[in-house]
Amino acid sequence: MKISRAAIRLPFIMSAALFLTGCLAPETINADITTEGYDYTLRVESTVADPRAVMAAAEGRLTEQDDEGARRMAANDTDMPGFERFEYVGEGRFELVVNHAGTLEADRGVGFPNTRGGLRNDNYLRLERLDDGTIEISSPEIPAQNLAQHEELPFEPAGTVRITPAPTDRVLDHNADRSPAMLDRAYVWNVDSWEDRIFIKIVPQGQ
């Protein structure tokens with residue numbers, strides 16, 4: 001997409017092979033993650049946005065050629081593992097539905113939206129098997145000095161993230177807004193600002 005390169009660089013940079021625009025951020029997200037040992041399921045429905053394109057659209061600078069390039073990019077990446085839908089819907093925004101399952105390998109993370117895994121900071125939601133055998137599920141922590149830049153964006157994240165470890169797994173630490181209740185074993189995060197971060201550390205059965 002031919003968007004000005006004088007862009008706000010978000011800390012969750014996606015792989016160039018997946019997102020040619022350089023960086024995407026969740027505008028809305030509803031995620032449901034389960035773990036059992038090192039096995040996981042990941043279900044996400046999200047609107048993700050290219051901040052540069054959204055800002056260009058708001059200023060009337062986004063062209064039909066830009067939109068067409070984004071549509072082609074989305075079409076080229078629909079073969080990512082677990083992608084049920086990846087569609088450009090205009091004004092710098094993409095609708096993305098992921099339904100993915102697998103087993104966490106040592107020294108290789110996976111997550112959303114880059115379900116193939118990769119570098120530590122290439123996902124908004126990251127599932128990782130650490131060297132000590134624990135599982136960490138997290139989103140990037142935005143340094144305080146960068147929050148002002150994020151607040152200049154024409155959107156904020158909104159949604160809910162639910163993480164449900166198996167009863168045989170043990171949670172070491174978390175910052176969830178809601179802990180499991182009698183009839184609901186999920187840890188729940190309500191996301192409504194750039195400061196909101198997801199973090200949970202799990203000890204799988206047998207570790």
Side-chain angles (χ1 to χ4, degrees), residues 10-19 23-26 29-46 48 77 79-84 86 96-144 146 157 159-191 193-207:
L10 298 183
F12 28 98
I13 305 302
M14 309 306 164
S15 71
L18 174 60
F19 292 126
C23 59
L24 292 178
I29 183 168
N30 287 287
D32 199 337
I33 300 169
T34 66
T35 67
E36 184 171 0
Y38 292 116
D39 294 336
Y40 66 87
T41 65
L42 172 67
R43 170 77 184 182
V44 185
E45 297 182 6
S46 179
V48 290
D77 286 317
D79 64 343
M80 287 286 290
F83 274 32
E84 291 186 352
F86 184 35
L96 180 53
V97 178
V98 171
N99 195 9
H100 186 50
T103 301
L104 289 174
E105 301 176 10
D107 302 322
R108 182 174 178 81
V110 71
F112 168 85
N114 185 0
T115 53
R116 286 199 179 109
L119 300 175
R120 186 175 183 84
N121 293 327
D122 68 356
N123 267 318
Y124 174 69
L125 287 176
R126 170 86 172 177
L127 291 75
E128 189 172 12
R129 178 175 169 176
L130 303 181
D131 291 341
D132 62 3
T134 60
I135 295 171
E136 183 176 292
I137 304 173
S138 63
S139 62
E141 184 173 8
I142 300 175
N146 292 345
T160 303
V161 175
R162 294 170 52 89
I163 300 175
T164 309
T168 51
D169 296 340
R170 179 166 54 94
V171 173
L172 276 182
D173 194 12
H174 71 90
N175 64 348
D177 295 313
R178 195 188 79 198
S179 296
M182 184 177 297
L183 299 178
D184 185 355
R185 293 188 296 103
Y187 292 80
V188 181
W189 289 258
N190 299 311
V191 179
S193 81
W194 296 115
E195 294 182 84
D196 292 335
R197 183 178 184 238
I198 289 88
F199 176 82
I200 189 169
K201 184 172 282 192
I202 302 166
V203 180
Q205 182 183 23
Q207 291 297 309

Inset, instruction - Go through the steps to decide whether Arg129 and Tyr38 satisfy the test side-chain contact (heavy atoms from CB on, under 4.5 Å), and finish with yes or no. - result: CA-CA 8 Å; Arg129 178 175 169 176; Tyr38 292 116; 3.5 Å; yes

Legend entry - Test: Arg178 cationic atom under 6.0 Å from Tyr187 six-membered ring centre, within 45° of axis: no

Inset, instruction - State whether the side chain of Arg197 and the backbone N or O of Ser139 hold a donor-acceptor pair below 3.5 Å, judged by distance alone. - result: yes

Legend entry - Within-4.5 Å side-chain heavy-atom neighbours: Val48 and Tyr124: no

Legend entry - Validation row: Phe83, Val98 side chains within 4.5 angstrom (heavy atoms): yes

Inset, instruction - Look up atom OG in Ser179 and atom NE2 in His174, then write down how far apart they are to the nearest 0.5 Å. - result: 3.5 Å

Legend entry - Residues, nucleotides or ligands: over 12 heavy atoms within 6.0 Å of Asp79 CG: yes

Legend entry - Qualifying residues under side chain to side chain contact (heavy atoms under 4.5 Å, CB included), relative to Asp196, sequence neighbours excluded: Val191, Asp192, Ser193

Inset, instruction - Using a 4.5 Å cut-off on heavy atoms from C-beta on, say whether the side chain of Val44 contacts that of Ile29. - result: yes

Legend entry - Residues in side chain to side chain contact (heavy atoms under 4.5 Å, CB included) contact with Thr160, at least two apart in sequence or another chain: Asn30, Arg162, Val188, Asn190

Legend entry - Check: Asp169 and Val171 side chains under 4.5 Å, non-hydrogen atoms: no

Legend entry - Polar contact flag, side-chain donor to acceptor under 3.5 angstrom, Thr164-Thr34: no

Inset, instruction - Please report the shortest heavy-atom distance between Thr115 and Pro81, naming the atom on each side. - result: OG1-O, 2.6 Å

Inset, instruction - Mind checking the CZ-CD spacing from Arg126 to Glu136? Nearest 0.5 Å is all I need. - result: 9.5 Å

Inset, instruction - Could you tell me whether Arg43 and Glu84 have a side-chain N and a carboxylate O separated by less than 4.0 Å? - result: yes

Legend entry - OG1 on Thr103 to CG on Asp39, rounded to 0.5 Å: 4.0 Å

Inset, instruction - Could you tell me whether the side chain of His100 reaches within less than 4.5 Å of the side chain of Tyr40, counting heavy atoms only? - result: yes

Inset, instruction - Please round to the nearest 0.5 Å and tell me the distance separating atom CD of Glu45 and atom CG of Asn99. - result: 9.5 Å

Legend entry - Passing candidate, side-chain contact (heavy atoms from CB on, under 4.5 Å) with Pro204, options Leu104, Thr35, Ile135: Ile135

Inset, instruction - Starting at CG of Leu42, measure out to CG of Asp32 and round the result to the nearest 0.5 Å. - result: 9.0 Å

Legend entry - Heavy-atom closest pair, residues Ala25 and Trp194: CB-CH2, 3.9 Å

Legend entry - Residues that Arg185 engages under side chain to side chain donor-acceptor pair (under 3.5 Å), provided they are two or more places apart: none

Inset, instruction - Mark yes or no for whether Asn123, through its side chain, and Asn114, through its backbone, hold a donor-acceptor pair below 3.5 Å. - result: yes

Legend entry - Thr134 side chain reached by Ile202 side chain, heavy atoms, under 4.5 Å: no

Inset, instruction - Enter the distance from Glu141:CD to Glu195:CD here, rounded to the nearest 0.5 Å. - result: 10.5 Å

